[in-house]
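In what follows, every chain begins at residue 1, and chains take the letters A, B, ... in the order their sequences are listed.
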Amino acid sequence: MASWTLKRTHTCGELRATHKDQTVTLNGWVENRRDHGGLCFIDLRDRYGRTQIVFSPQRSAELHAKASGLRPEWVVAVRGVVCPRPGGTVNPNLSTGEIEVEAREFEVLNEAKVLPFPLSDDAEVGEELRLRHRYLDLRRRSMQQNLVLRAKLVQVMREYFAKHNFVDIETPFLVRSTPGGARNYLVPSRLFAGSFFALPESPQLFKQLLMVAGYDRYVQIARCLRDEDLRADRQPEFTQLDVEMSFVQADDVMTMLEGCVAEIMERVLGRKIDLPFRRMPFAEALSLYGTDKPDLRFGMPLWDVADIAKSCSFKVFTDALAAGGAVKGIAATGAARYSRKEIDELSTFAQGFGAKGVAWLKVEEAGLTGSIAKFFQPAELAALRERMHAAPGDLLLFVADKPELVHQVLGALRNHLAGKLDLIKDGEFRFAWVVDFPMFEYSNEEKTIVARHHPFTSPKDEDLAILEEKPLEVRAKAYDLVLNGVELGGGSIRIHRHDLQRRIFKLLGIGDQEAKEKFSFLLEAFEFGAPPHGGIALGIDRFVMLLLGLDSIRDVIAFPKNQKAMDLMTGAPGTVTPRQWKELHIRPEEPPKAT
RNA sequence: GGGGGUGUAGCUCAAUUGGCUAGAGCAUCGGACUGUCGAUCCGAAGGUUGCGGGUUCGAGCCCCGUCACCCUCGCCA
């Protein structure tokens, strides 16, 4: 390609009527050509905007003829004169719509083949195709807006934490694999046959060690890697705002983060939000909303109706209660109009979450109706209606089972129905802290208790006494930040004393030997004057996704993986040569077919 | 590993009960056009209906298998 001469003096988004009569040069992509045979218009686009270029045969027949050969997405440089548009042709939808540039000279910097898909935002293109040609997808205005907003958010974060004396410190990418938590991505060591580095699922241990080292306030925008199955809001590599502070209580960390979130909401979205955020104990979140990440943009809480149901003659309810289970329900506002088919669909939905089925009653002016109504005395039906604050037109849905399952199913049903019933207003943001998490939970898989957060989380002081006797009742100094039913992040006050950390490891079945082998550096560090400390990590991709009202994290990540964790553009992961295996002392079970 | 959905022209979609020479809009190409801005008008080209097998006189449609992608449970944040 020959060198080019027409270097831009302005961007495609900045020319206004005040630039009248100036000779300017613009560089950009041809968005569109409107060729009238006589006059010919080109929309020239860059990420700042769009400017109309006009080619007139009177001005230069030669230039005009050349311009008619331009095609969409060619890269061109245009020199011309800024002219106010003639009366009646101003485009109010365009920031540069008052003017146009009358071309005097242009050069084609690069041509473009016909694109595999249109770049206009109203064109809904299959995601597979978009990912395969991500560089084109990222050329679309909506994707550029997403990434620019993300950059702004990160910038505000950095400024906020710098202002509050945080030190931005990078932690390693090649780390030691430690037990528990997410599956690690592994990197074989060349110099140590059979040994592997892990890519960090989070900088957790390093940020704690930085507290031991006295940095007091640490922040990092950190990439985290987890080799787990993907979802719309989960990628194998994602970005966290990672924060750790010394000499703090849980409230200090939460307050610091609230300040950051409020500043982001104001400076990125221009919205004031109220502080402090609501703080909801885990137990309350679970019993009212069936989840530890409640969506507070709508009501429709779970109602416990065990006391009413225990005297009814519906065996499903009474059997569940007799087995130590729960019977709870939700009142779906205005859903009594649902057909039998729609209700069956709700039941199928619930079965996807492990429910055996869903019992239902319709609230009518005259009373409650439905197949299970006959199992209840009139007084019991009235009590149900009162308990659930039900109004005529509501559909009451019940699940009876083990408490965890009842919560899970009704929690999912609640979110599902909110969407179906259109209970959620666009552009609403409801933040809340969920606090007082249980320290431990029982793992059916491992047949033992495991840390709910991670094994460095401190128990609440008042529960220390029952740590060994009733571990499942011990609450942690842990907190999750929840936004619109999505877990944005979480953190905790950490254990900073060697003796307590050993007690916790012991409870978790991490023996002295294993603890020493895997975490000796941490335990040892705690013996050299570790300050009380705690912190939080906040998922930036999710935050940006929610701020933009998007459904997928992939739309706020420049180069995401697909659901199988492949990069459709580059083809990663790809095969490597036998020579590379040999250097790394590894051999695939089945050698890949030659490509 | 399980459940669900989708797959038809470059893109987005349609095709009634199995009757079809598989259509439309946009894009592309050619032509016309001096104030458009999703320009307009005329015309053309464009398809192994993801792939393989089966049922049938006949399959885009039904059956079996398989592949790809998405949502989801488990898992994980």
So, is R71(A) close to the rA27(B) phosphate, meaning a side-chain N or O under 4.0 Å from OP1 or OP2? no

Classify R50(A) by what it touches in the nucleic acid, base, sugar-phosphate, or nothing, heavy-atom distance under 4.0 Å. nothing

Below the 4.0 Å mark, does rC69(B) have OP1 or OP2 next to a side-chain nitrogen or oxygen of N562(A)? yes

rG58(B) to rG25(B) separation - P atoms, rounded to the nearest Å: 34 Å

Within the 4.0 Å heavy-atom criterion, would you say Q52(A) contacts the bases, only the backbone, or no part of the nucleic acid? base

Choose from rC69(B), rG74(B), rC37(B) the nucleotide whose nearest atom is closest to any side-chain atom of D43(A). rC37(B)

Are R33(A) and D35(A) close enough for a salt bridge, meaning some N to O gap below 4.0 Å? yes

All N/O pairs under 3.5 Å across the protein-nucleotides 3-7 of chain B interface:
none

Can you tell me if Q408(A) touches the phosphate of rG74(B), counting only side-chain N or O atoms and a distance under 4.0 Å to OP1 or OP2? yes

Salt-bridge present (R71(A), E111(A); N to O < 4.0 Å): no

Below 3.5 Å, does any donor atom in the side chain of R34(A) face an acceptor in the base of rG38(B), or the other way round? no

So, D229(A) and R183(A), do they make that salt bridge, N to O below 4.0 Å? no

Which heavy atom of I540(A) sits nearest a heavy atom of R150(A), and at what distance? CG2-NH2, 4.2 Å

Under 4.0 Å, heavy atoms only, any strand: does R85(A) hit a base, just the sugar-phosphate, or nothing? base

Which of rC71(B), rC75(B), rC69(B) is nearest the side chain of E228(A)? It is rC75(B)

Over how many whole Å does the gap from F353(A) atom CZ to rU72(B) atom P extend? 9 Å

Between R130(A) and E124(A), is there a salt bridge with N-O shorter than 4.0 Å? no

Which is true for L94(A) with a 4.0 Å heavy-atom rule: it touches a base, it touches only sugar-phosphate, or it touches nothing? nothing

Can you tell me whether the side chain of R554(A) and the base of rC70(B) have a donor-acceptor pair closer than 3.5 Å? no

Test of ring centre spacing under 6.0 Å for F41(A) and F55(A): no

Over all strands shown, is E100(A) touching base, sugar-phosphate only, or nothing at heavy-atom distances under 4.0 angstrom? base

What is the separation between atom CG on D121(A) and atom C1' on rG38(B), rounded to the nearest whole Å? 13 Å

Ranking rC37(B), rC69(B), rG74(B) by distance to the side chain of L568(A), first place goes to rC69(B)

Tell me whether the side-chain N or O atoms of N91(A) pair up with the base of rC37(B) as donor and acceptor below 3.5 Å, since no angle test is needed here. yes

Output the rounded distance in Å from CG (D229(A)) to C1' (rC71(B)). 13 Å

What is the distance from NE2 of H36(A) to P of rU36(B), rounded to the nearest Å? 7 Å

Does rC75(B) have OP1 or OP2 under 4.0 Å away from a side-chain N or O of R226(A)? no

Going by an N to O cut-off under 4.0 Å, is there a salt bridge joining R132(A) and E128(A)? yes

Using a 4.0 Å heavy-atom cut-off, does A123(A) contact any base of the nucleic acid, only the sugar-phosphate backbone, or nothing at all? nothing

Winner on side-chain proximity to Q563(A), out of rC37(B), rC11(B), rC71(B), is rC71(B)

Under 4.0 Å, counting only non-hydrogen atoms across every strand here, what does P116(A) touch: a base, just sugar-phosphate, or nothing? sugar-phosphate

Can you tell me the distance, in whole Å, between the CD1 atom of I99(A) and the P atom of rG35(B)? 20 Å

Considering every strand and a 4.0 Å limit on heavy-atom distances, what is the contact class for G126(A): base, sugar-phosphate, or nothing? sugar-phosphate

Atom CZ of residue position R47(A) - does it have more than 12 heavy atoms of other residues, nucleotides or ligands inside 6.0 Å? no

Applying the 5.5 Å / 30° rule, does F117(A) stack onto the base of rC11(B)? no

Distance in angstrom units between L488(A) CG and rA77(B) P, rounded: 16 Å

Sidechain N-carboxylate O distance under 4.0 Å for R430(A), D295(A): no

